[in-house]
Number of protein chains: 2
Amino acid sequence: MHKRDREATRARLLEAARLRFAREGYDATSVRDIARDSGVDATLIFRYFGSKKQLFEQAAATDAPAGLFQGPEEELVARMVRTVVDHDWTEYGGEHPLVAMLRSSAHEDARLRIRTEVCDTYVNALRDLAAGEDAELRAELLSAWMVGIGILRSVVATPALTQASVADLAPHIATVATGLLGRPMSGTADQGDGPGPA
Amino acid sequence: MHKRDREATRARLLEAARLRFAREGYDATSVRDIARDSGVDATLIFRYFGSKKQLFEQAAATDAPAGLFQGPEEELVARMVRTVVDHDWTEYGGEHPLVAMLRSSAHEDARLRIRTEVCDTYVNALRDLAAGEDAELRAELLSAWMVGIGILRSVVATPALTQASVADLAPHIATVATGLLGRPMSGTADQGDGPGPA
DNA sequence: CCGTTAAGTCAGCGTTCGATGACTACAGAG
DNA sequence: CTCTGTAGTCATCGAACGCTGACTTAACGG
C-alpha cells in the first residue's frame, strides 16, 4: 500500500501525534488515534518510539521560531507577540505549542518542558532588557501577558482578541512593554520571523 | 460505617471531584479516583450525577469571589489580581479555577465555561473602565495578563512570580492597568475579598 | 530467481474505563 | 417488631486503553 520508508513513517506518526496531543491533550489522545490519523499501524509507535510517553516527548519538542532574536532590541516584545498571534502553528493545531501543552499540564514532564521553554526563550531574553531592581519579575510579568494573550485568543476565544491583528495590538504592546521594562519599546516588528501575515 | 446522609455524600463527591478535575484534568481523572478520594462507592456518582460529564459540570461551577465588585473602581484590577495571587483556592488544588480548567480545555464544554466566566466577570467589568476607542480589546488584553499571571505562578511555576506577593506586584499592576485602561489605576486593594493574606 | 533483512501486520495480553442492574442494610413510621 | 423506602454495595458488562510477540510481506543484493 504505502512505500516502505521508515523515516517517512516515523515523520508521519510524529506529525499526527503533534496535532492530536496539541488539540486533545495527552490523556485524551490514544495511540490508536494517532495511528489512524497517520494511516499507520499502531504497533509501529512502540517500535519507533518505545512508548506513548516517549512519543509525546519527541512530538512536543519544538524550537523557537527563527529570527526571534534578530533585529532591534526595542522590537523584541513585538516579535514575541507576533510569534503568538501571527505565526503559522497549524502543525500544532493552530495554537502556540506552549498554549497547547497547557492541556497536558497535569503531567510533571509536560509542566517541566513548559517551564524550561518559557524561561529559556522568553523570560531570560526579556530580563536582559529590563531596567531596574526586579528585572526578573518584570520579565516574567511580560511573559505572562504574552502567554495570556495566546490563551485568550485560541483557547478562550475572546471576541476582540481573536479578530485583532498585530497592527491593532501594536500601540498596546508598546505601552505595556515600555511600562514593564522601563525603557522605550516599539509595538511593531517589521521582519519578525518570516514572510509575515498571509 | 458512615452515617447515611445523601446530601453529605453528594457534597463529598463534589469536593473530591473539584480537586481531582482541577489537578489532573477531566481525562486523567476517573470516577473511581473520585470515589476513592471521598470514601464513597463509585456507583453513587452515577446515581447522584448521572454521568462523569455531568459531575464535571457541577463540580466546575464556581462563582466570582464576593467583594470583587465592591470598592473603588481604580482598585478593581488590583482586586482581580489579588483573586489570582492571594485568594485561597485550596478547594481547587491551589489554582484559580479558570487556570485549573485549562487542563480540560480539550472539551468544548469546558472551553465554553471558561469563555463565559472570563467574559462575564473580568472582560465586561474592565471594559466599562476602559477609556478610548477599542475598550473591548484593552479589557481583554488586561484579562489576558491576569490569566497569564495565574498560569505562570501555578502551572509554569516561574521563579520570581511564584514567590512574589501582592505588594511586590502592586507597582507593576498600577503601571499596566493605567497604561491599558487609559485612566489612573491603583496597584493595591485594601479590602479585596475577605481577611487578606493568612 | 532466491534469500536475507527490515518494514509493516495481526491477534491478543492484562488492565482500566464509564456505566448498569440486582442486591443488602439501615433508619424511621406504624 | 415489622414493614418500607432509600442510602449504599456488589458483580459485572462491553469497550477502549497501552503494549507485546509472533507473523507476513515488500525491497534489494547476489
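Throughout, a chain's letter reflects where its sequence line sits, starting with A, and its residues are numbered from 1. For clarity, every value in this text was computed on a predicted model and none was experimentally measured.
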- Message: I need the residues from residues 103-111 of chain B with at least one non-hydrogen atom less than 4.0 Å from DNA chain D; give them sorted by number, or say none.
- Response: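 Within this stretch, nothing sits under 4.0 Å of the strand.
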- Interface with DNA chain D, restricted to residues 53-61 of chain B and to heavy atoms under 4.0 Å: none
As an exercise, state the distance from [atom1] of [X] to [atom2] of [Y], rounded to the nearest 0.5 Å.
{"X": "Leu102(A)", "Y": "His96(A)", "atom1": "CG", "atom2": "NE2", "answer": "11.0 Å"}
{"X": "Leu55(A)", "Y": "Phe46(A)", "atom1": "CG", "atom2": "CZ", "answer": "9.0 Å"}
{"X": "Arg103(A)", "Y": "His107(B)", "atom1": "CZ", "atom2": "NE2", "answer": "10.0 Å"}

Quick one: is [X] getting a side-chain N or O under 4.0 Å of the [N] phosphate, OP1 or OP2?
{"X": "Thr43(A)", "N": "dC19(D)", "value": "no"}
{"X": "Thr9(B)", "N": "dG8(D)", "value": "yes"}
{"X": "Tyr48(A)", "N": "dG8(C)", "value": "yes"}

- Provide, to the nearest angstrom, the distance between the CG atom belonging to Leu44(B) and the P atom belonging to dT24(C). 17 Å
Do [X] and [Y] have side chains that approach each other closer than 4.5 Å (heavy atoms only, starting at C-beta)?
{"X": "Ile45(A)", "Y": "Lys52(A)", "answer": "no"}
{"X": "Met80(A)", "Y": "Leu126(A)", "answer": "yes"}
{"X": "Leu112(B)", "Y": "Arg115(B)", "answer": "yes"}

- What residues form a side chain to side chain donor-acceptor pair (under 3.5 Å) with Arg153(A), not counting sequence neighbours? none
- Task: Please name all residues satisfying side chain to side chain donor-acceptor pair (under 3.5 Å) with Asp33(A), sequence neighbours left out, ordered by chain then number.
- Result: Ser30(A), Arg36(A)
- Query: Looking at residues 27-36 of chain B, who's got a heavy atom less than 4.0 Å off DNA chain C?
  - Reply: Thr29(B), Ser30(B), Val31(B), Arg32(B)
- Message: Can you give me the closest heavy-atom contact between Phe21(A) and Ser104(A), atom names plus distance?
- Response: O-OG, 4.3 Å
Under 3.5 Å, which N/O atoms of the protein pair with N/O atoms of nucleotides 27-30 of chain C?
none

- Message: Could you check whether Arg138(A) pairs with Asp134(A) (Lys NZ or Arg NE/NH1/NH2 to Asp/Glu carboxylate O, under 4.0 Å)?
- Response: yes
- Item | Pairwise 5' ranking along DNA chain D for Arg47(B) and Phe46(A), keeping only the more 5' one |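 Final value for this comparison: Arg47(B).
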